[in-house]
Amino acid sequence: MKAINWARENLFNGVFNSVLTLVTLAFLYVSTKGILHWAFYEAKWSVVPDNMRLLMVGPFPPEEVWRVWAMLVLTLLVAGLLYGNSTRVRPPLWMWAGALVLYALIWPAVFPSTRFWLALALLALPAGMLLGPLVPRRFLTPLAAVALILLFVLPSAVNPNQWGGFFLTVLITVGVSLMAFPFGLLLALGRTGKLPVFRTLSVLYIELIRGVPLVTVLFLSWIMVPLFVPEQWRLPDLISVSIGFSMFAAAYLAEYVRGGIQGVPKGQYEAAWALGLSGSQSARFIILPQAIRSVIPALIGQEIAIFKDTSLVYILGLFDLLYMALTVTKNPKYLGTDREVLLFVMFVYFVGAALMSYASRRLERAMGLGTR
Amino acid sequence: MEPIIRMENVNKWFGALHVLKDINLDVQKGEVVVVIGPSGSGKSTLIRTINRLEEIQKGRIVVDGIELNRDVRNIDAVRKEVGMVFQSFNLFPHMTVLENITLAPRIVRKWPREKAEQIAMELLERVDIADQAEKYPAQLSGGQQQRVAIARALAMQPKIMLFDEPTSALDPEMVGEVLDAMKELARSGMTMLVVTHEMGFAREVADRVIFMDMGEIIEEGEPDQVFSNPQHERTQAFLARILH
């Protein structure tokens with residue numbers, strides 16, 4: 001009844017609005033009819049679960065896929081432990097329920113032998129949160145260090161040329177972010193600093209990189225980086241491309257951080273200097289923490305851009321999510337499923353970006369951005 | 001006795017603007033000097049040259065036996081011995097009150113955390129806001145923030161304290177609490193240079209009052225003498241406007 005009243009008040013209040021509502025409805029029906037019909041009757045969605053392993057890990061040897069699962073479980077578990085330990089928040093009910101729902105949803109898409117891992121992965125985050133407060137604080141750093149080492153050791157048994165799918169996409173995103181951030185900080189400090197040499201070099205670098213398309217940088221690094229490395233340690237393409245990508249992303253990160261640095265009031269520098277802090281101490285303890293805090297939304301935006309732009313590496317023959325998706329559509333068995341597969345790829349990117357966006361908002365609130 | 005601050009023929013220009021003209025000033029250890037004058041007279045610039053927040057183009061400044069020149073080590077050495085309180089507080093907004101106060105002692109003086117925190121709590125007790133130690137600056141009133149700023153400067157155990165219009169940004173009802181903290185500090189024997197418009201404070205605690213106008217020291221002397229019997233006509237005009 002409420003709905004009918006609402007419709008009467010908002011959609012059919014007067015002749016003109018009633019006509020407009022009917023025309024709009026007709027237009028919506030005509031324009032989406034085809035799409036809905038396709039999505040529910042014609043689309044062969046089974047192509048996605050049938051090829052789930054290819055899409056997720058690419059040519060990673062099937063008998064080694066447990067390594068990827070272990071990395072996922074480890075990351076979620078440690079993230080849960082750290083979060084639980086610092087906030088003492090018990091995992092809410094929706095987290096357990098969500099794990100159950102996700103298990104039911106994903107269950108048909110994984111091989112029976114990996115369902116065990118799926119269950120572990122889904123339980124890892126809430127379990128970590130639950131256990132977090134029980135771990136003494138002094139064990140946290142060594143624990144995180146061990147986890148980090150394991151994260152490097154686990155995939156290293158498999159040749160990087162066999163890494164692929166969404167797994168590779170995530171690896172490139174994380175690797176590029178880790179390399180680009182410190183480099184971007186240095187560039188931002190160089191550009192805002194007093195030393196003319198560093199300032200000029202930083203400005204030149206930033207403007208040069210920002211003036212060229214990412215694809216050209218990726219191509220160039222793919223060709224050029226191996227030239228700087230001795231013949232005998234042939235770098236995997238993955239590494240040379242990631243280096244180029246990081247150099248590109250660093251220029252953008254540097255500009256965001258520079259904006260933050262310039263937003264810190266002059267009085268903050270003066271207070272730091274008056275207390276006897278050196279230039280680098282002021283930067284580290286006073287200026288950068290405030291600068292970075294104020295540009296977190298922009299930095300996460302850049303992270304999301306990196307995540308989505310990793311899809312460009314498919315041009316260089318790296319087996320990322322997009323590359324694997326296109327491979328699947330070329331399989332004669334799944335001919336004509338381009339729409340289904342590409343929509344799935346978009347969905348995966350969207351979920352990833354939405355999660356990062358959500359994390360950003362949580363982070364802003366936790367840091368009290370805009371309130372102090 | 002060797003003065004703790006010696007300024008000889010100090011000159012400073014902002015571009016074509018001559019903001020300090022041949023300043024000669026000696027401050028003795030334990031002396032409280034109040035600098036007054038109309039805005040734009042160069043009084044803030046004057047005290048900011050003492051910890052090198054402003055560079056000078058001509059002349060010489062020696063603080064506690066250390067010559068302020070281009071040598072960064074000398075500048076850092078002077079800044080360790082000179083505390084400063086600003087008009088706009090300039091507390092670090094991303095740190096709690098306690099962290100604001102312990103930061104410099106821990107990283108510049110290399111004190112262990114326990115020692116720095118113990119001294120910080122003593123200082124907060126002294127300026128009467130020990131109960132606010134875990135709050136962030138934005139959660140405090142202006143008067144409380146300025147008292148934290150005084151405690152932060154004192155935590156480095158400086159030999160000299162500079163105050164650059166410490167009460168000008170405060171609501172009137174909070175001026176008193178900050179002035180009280182400064183009076184207590186003056187009585188404890190700290191060497192202080194204070195730029196202020198609070199004539200009552202100058203009368204009560206200053207050993208010497210300096211009147212500046214257009215970048216020059218026009219007149220100086222004991223507060224009674226300067227306030228009751230100013231010699232120079234610019235001093236008379238300024239005081240007439242302020243005291244009426």
Side-chain angles (χ1 to χ4, degrees), chain A residues 86-88 137-138 141 185 188-189 193-198 256-257 259-299 360 362-372, chain B residues 44 47-48 50-55 72-97 99-110 135-140 145 148-149 151-158 160-164 169:
Chain A
S86 63
T87 62
R88 313 257 145 188
R137 213 155 266 242
R138 67 201 147 90
T141 316
L185 271 191
L189 286 173
K194 283 200 199 114
L195 294 170
V197 186
F198 287 119
Y256 291 129
V257 175
I261 291 176
Q262 288 173 340
V264 176
K266 194 164 157 262
Q268 294 287 312
Y269 291 85
E270 292 184 345
W273 292 335
L275 284 167
L277 270 66
S278 68
S280 59
Q281 286 168 339
S282 317
R284 181 171 152 209
F285 294 104
I286 309 301
I287 307 306
L288 282 180
Q290 294 186 57
I292 292 173
R293 229 171 59 140
S294 67
V295 295
I296 280 178
L299 291 184
S360 149
R362 288 297 296 260
L363 195 64
E364 281 167 43
R365 226 178 323 158
M367 295 178 101
L369 214 63
T371 56
R372 65 172 180 244
Chain B
S44 282
I47 71 164
R48 286 161 59 88
I50 294 168
N51 62 353
R52 239 310 157 116
L53 290 184
E54 302 288 353
E55 212 173 320
V72 179
R73 280 166 304 178
N74 284 8
I75 297 175
D76 283 345
V78 166
R79 284 176 177 168
K80 272 193 211 174
E81 306 306 332
V82 180
M84 185 160 195
V85 174
F86 299 86
Q87 177 177 352
S88 48
F89 326 139
N90 296 349
L91 293 177
F92 305 131
H94 59 302
M95 296 180 180
T96 64
V97 165
E99 288 165 349
N100 261 280
I101 300 175
T102 54
L103 177 77
R106 285 179 62 197
I107 64 177
V108 180
R109 292 244 190 258
K110 308 259 188 282
K135 289 199 179 161
Y136 284 88
Q139 296 169 297
L140 304 183
Q145 289 191 49
V148 171
R152 179 176 71 176
L154 288 175
M156 283 293 283
Q157 304 192 327
I160 301 163
M161 285 284 284
L162 307 175
F163 293 85
D164 188 1

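All chains are named by letter (A, B, ...) in the order of the sequence lines, taking the proteins before the strands, and each is independently numbered beginning at 1. Computation of the quantities below employed the complete heavy-atom set of this structure, encompassing side-chain atoms and omitting hydrogens, waters and symmetry-equivalent molecules.
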Assert top hit (heavy-atom pairs under 4.5 Å, partner chain A, pool B:Asp76, B:Leu162, B:Val82, B:Leu53) equals B:Leu53

What part of B:Phe92 is in contact with chain A, defined as an atom under 4.5 angstrom from a non-hydrogen atom: side chain, backbone, both or neither?
both

Between B:Val72, B:Val85, B:Leu91, who has the most heavy-atom pairs with chain A when the cutoff is under 4.5 Å?
B:Leu91

Which heavy-atom pair separates B:Val78 from B:Ile50 by the least distance, and what is that distance?
CG1-O, 3.6 Å

Which pairs pass ring pair (Phe, Tyr, Trp, His ring centres under 6.0 Å) with one or both residues in residues 259-280 of chain A, sequence neighbours excluded?
A:Tyr269-A:Trp273

So which part of B:Ile75 gets closer than 4.5 Å to some heavy atom of chain A, the side chain, the backbone, both or neither?
neither

N/O donor-acceptor pair under 3.5 Å between B:Asn51 side chain and A:Ala274 backbone:
no

Measure from the side-chain N and O atoms of B:Gln139 to the backbone N and O of B:Tyr136, and report whether any donor-acceptor pair falls under 3.5 Å.
yes

Roughly how far, to the nearest 0.5 Å, is NZ of A:Lys194 from CG of A:Leu189?
12.5 Å

Pairs in or reaching into residues 77-88 of chain B: which pass side-chain hydrogen bond (donor to acceptor under 3.5 Å, both in side chains), with residues at least two apart or in two chains?
B:Ser88-B:Asn90

Minimum heavy-atom distance B:Gly83-B:Ala153, with the two atoms named:
CA-CB, 4.1 Å

Within residues 285-292 of chain A, the residues sitting under 4.5 Å from chain B by heavy atom, in sequence order, are A:Phe285, A:Ile286, A:Pro289, A:Gln290

Among pairs that include at least one residue of residues 268-284 of chain A, which meet salt bridge (charged side-chain N to carboxylate O under 4.0 Å, His left out), considering only residues two or more places apart or in two chains?
A:Lys266-A:Glu270, A:Glu270-B:Arg48

